Amino acid sequence: MCGIVAIYGYSPVNQALYDALTVLQHRGQDAAGIATEDQGKFYLRKSNGLVRDVFHTRHMQNLKGNVGIGHVRYPTAGSSSSAESQPLYVNSPYGIVLAHNGNLTNQEQLSEELFKSDHRHLNTNSDSEVLLNILAHELQLKDKPKLSAKDIFAAIDNLHRRCKGAYAAVASVSGNGLMGFRDPHGIRPLIYGERKLDDGRVEYMMASESVALDALGFTIVRDLIPGEILYIDAKGELHSHVPKKAKEHTPCIFEHVYFARPDSIIEGSSVYKARVRMGEYLADKILREHPDHDIDVVIAVPESSRPAAMELAVRLGIKFREGFIKNRYIGRTFIMPGQEERKKSVKQKLNPIGLEFKDRNVLLVDDSIVRGTTSQQIIDMARQAGAKKVYFASAAPPIRYPNVYGIDMPVKSELVAHGKTDKEIEEDIGADWLVYQDLDALIQAVIPSDEPDPSRKFDCSVFDGKYVTNDVDEAYLDHLKKNRSDSVKRAQEDDEGHHESGELVDVHEGL
């Protein structure tokens, strides 16, 4: 999972892109990058690390131009090497920079096609580089010194036909314009807005979440439709294109569970309200399954679960308390690249307030349970702090299947719920009892109460094993296991090391 942003402005956009990436930092903490364009030249800065650590004053001063894109990354396909940080650049045709969120499920097939048929060289194992080169090849076939909006649309229509999986991307073509596009299923989010200047001109912005637009003073227009292409040409005119044969809209429901900020609006649904409703439905299930419960206090596992936990406590008529203090300088454990890093960070990230646990029966509420390691450690911390009993509630259903659309949970054996009953999971994590959200309840929590289409569909593959792109089978999942398990990633990290300097690259001048 990553965060992307693109801005077409009439004044320097370097600071605006930096601010947007800071707002989107929760979507990826492994690497960050910005590419701007000024008079036909691209200026690029990217490296491993948080936004605040990657960009210093000298870097910002060199990011010239009124048009640019940005990216925050955590690794799924590929590795955490800074060589795979984004935006990515290719010099032919025209010069293109691209930033991508998602995962291509036919990456290997496309890589072979690019080499054998398109005669393009790939320098990394990143599916984002594959996406960039597919785009570059399709634009090169136009064989024009200047591209029209129709040329852009035709090229990306062909890209949609070739690329399978989930992707939201933004790209800039030197001397031509800025674009954003979304996969035909709309799995990964992309929203756009505008800001009107006093002289009547309009600036445009696209981002993974609405909160980035809010922070920069842009007015939200809408989410991109699945398969839609937005293009702002060199004159600042906005063009839109939607394929005639649209596929069923199935956005990723896990955005609402964990990834998105609570102050974001995704697909017209407030993430905060969705999480509050998750708490309501979870409380109702607890009352059905444990009507004579002896819960003394409800405590959230910070941060994503807090709205659900608070509403759950209200519905049960039990006091809510802050039982864990979070060290905000430690990253989100779920998106850390490797199980060992996740294990080591839990106790660094959370510290219990003993008086809220001592001699009490505690209900811990978390947004989800993925590998189970964090849940187990948190339950142990609660017991060590003096809790008599520790119950556990997950605002999401059991995660039993790998995600192949850009969330780093590709291996069945690393999922605590795969092939197990709720009782077995309860024993694994050490809870006195465990309650999971029902999938139907989660879907209803995410759909807004004023939704005109209450039968809206979502990608729920991590819960039900139904992959909406219809190209994922056991052979594909077995291949992922061999290439993207935690043990494989540890070996990659050991091989690559962490010594890359990530100095500024001026693409045009080679500095």
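Just so you know, these numbers come straight off a predicted model, no measurement behind them.
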Undergrad: Taking ring-ring contact (aromatic ring centres under 6.0 Å, His included) as the definition, give me every residue that meets it alongside H137, ordered by chain and number, with sequence neighbours left out.
TA: none

Undergrad: Any donor-acceptor pair under 3.5 Å linking the side chain of N106 with the backbone of R162?
TA: yes

Undergrad: Between D183 (side chain) and Y167 (backbone), is there a donor-acceptor pair under 3.5 Å?
TA: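 Looks like yes, one N/O pair under 3.5 Å.
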
Undergrad: Parallel, tilted or perpendicular for Y192 and Y204, by the 30°/60° rule?
TA: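 Tilted, since the angle between the ring planes falls between 30° and 60°.
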
Undergrad: List the residues meeting ring-ring contact (aromatic ring centres under 6.0 Å, His included) with Y94, not counting sequence neighbours, and say none if there are none.
TA: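 Per chain and number, Y94 pairs via ring-ring contact (aromatic ring centres under 6.0 Å, His included) with no residue.
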
Undergrad: Check this for me, if you would: do R277 and E311 make a salt bridge, where the nitrogen-to-carboxylate-oxygen distance has to be below 4.0 angstrom?
TA: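 Salt bridge between R277 and E311, a charged N being under 4.0 Å from a carboxylate O: no.
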
Undergrad: Do F458 and L442 make a side-chain contact, defined as non-hydrogen atoms from C-beta onward lying under 4.5 Å apart?
TA: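 A side-chain contact is absent here, since even the closest heavy-atom pair is not under 4.5 Å.
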
Undergrad: Could you give the distance from NZ (K146) to CG (D151), rounded to the nearest 0.5 Å?
TA: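 These two atoms lie 12.0 Å from each other.
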
Undergrad: Scan the side chains in residues 262-270 for donor-acceptor partners under 3.5 Å anywhere in the protein, sequence neighbours excluded, and list what turns up.
TA:
unit_1 : atom_1 : unit_2 : atom_2 : d
D263   : OD1    : R261   : NE     : 3.1
D263   : OD2    : R261   : NH2    : 2.6
S264   : OG     : E209   : OE1    : 2.6
E267   : OE1    : H249   : NE2    : 3.4
E267   : OE2    : R182   : NH1    : 3.2
E267   : OE2    : R182   : NH2    : 2.2
S269   : OG     : V446   : O      : 2.6
S270   : OG     : Y272   : N      : 3.4
S270   : OG     : K273   : N      : 3.1

Undergrad: List, one per line, each side-chain donor-acceptor pair under 3.5 Å for residues 211-218, sequence neighbours excluded.
TA:
none

Undergrad: With sequence neighbours left out, what residues match F115 under ring-ring contact (aromatic ring centres under 6.0 Å, His included)?
TA: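 Checked F115 against ring-ring contact (aromatic ring centres under 6.0 Å, His included); zero matches.
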
Undergrad: For the pair D199 and R201, find out whether any cationic side-chain nitrogen is under 4.0 Å from an anionic carboxylate oxygen.
TA: yes

Undergrad: Checking the side chain of K64 only, and the main-chain atoms of D38 only, is there a donor and an acceptor separated by less than 3.5 Å?
TA: no

Undergrad: Decide if atom CD of E108 counts as having more than 12 heavy atoms of other residues, nucleotides or ligands within a radius under 6.0 Å.
TA: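 Not buried by this count: 12 neighbours or fewer within 6.0 Å.
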
Undergrad: So, E129 and R120, do they make that salt bridge, N to O below 4.0 Å?
TA: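 Not counted as a salt bridge, because no side-chain N and carboxylate O are separated by less than 4.0 Å.
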
Undergrad: Considering residues at least two apart in sequence or located in another chain, which fulfil the side chain to side chain donor-acceptor pair (under 3.5 Å) criterion with D19?
TA: Q15

Undergrad: Classify the ring geometry between F42 and Y89 as parallel (under 30°), tilted (30 to 60°) or perpendicular (over 60°).
TA: perpendicular

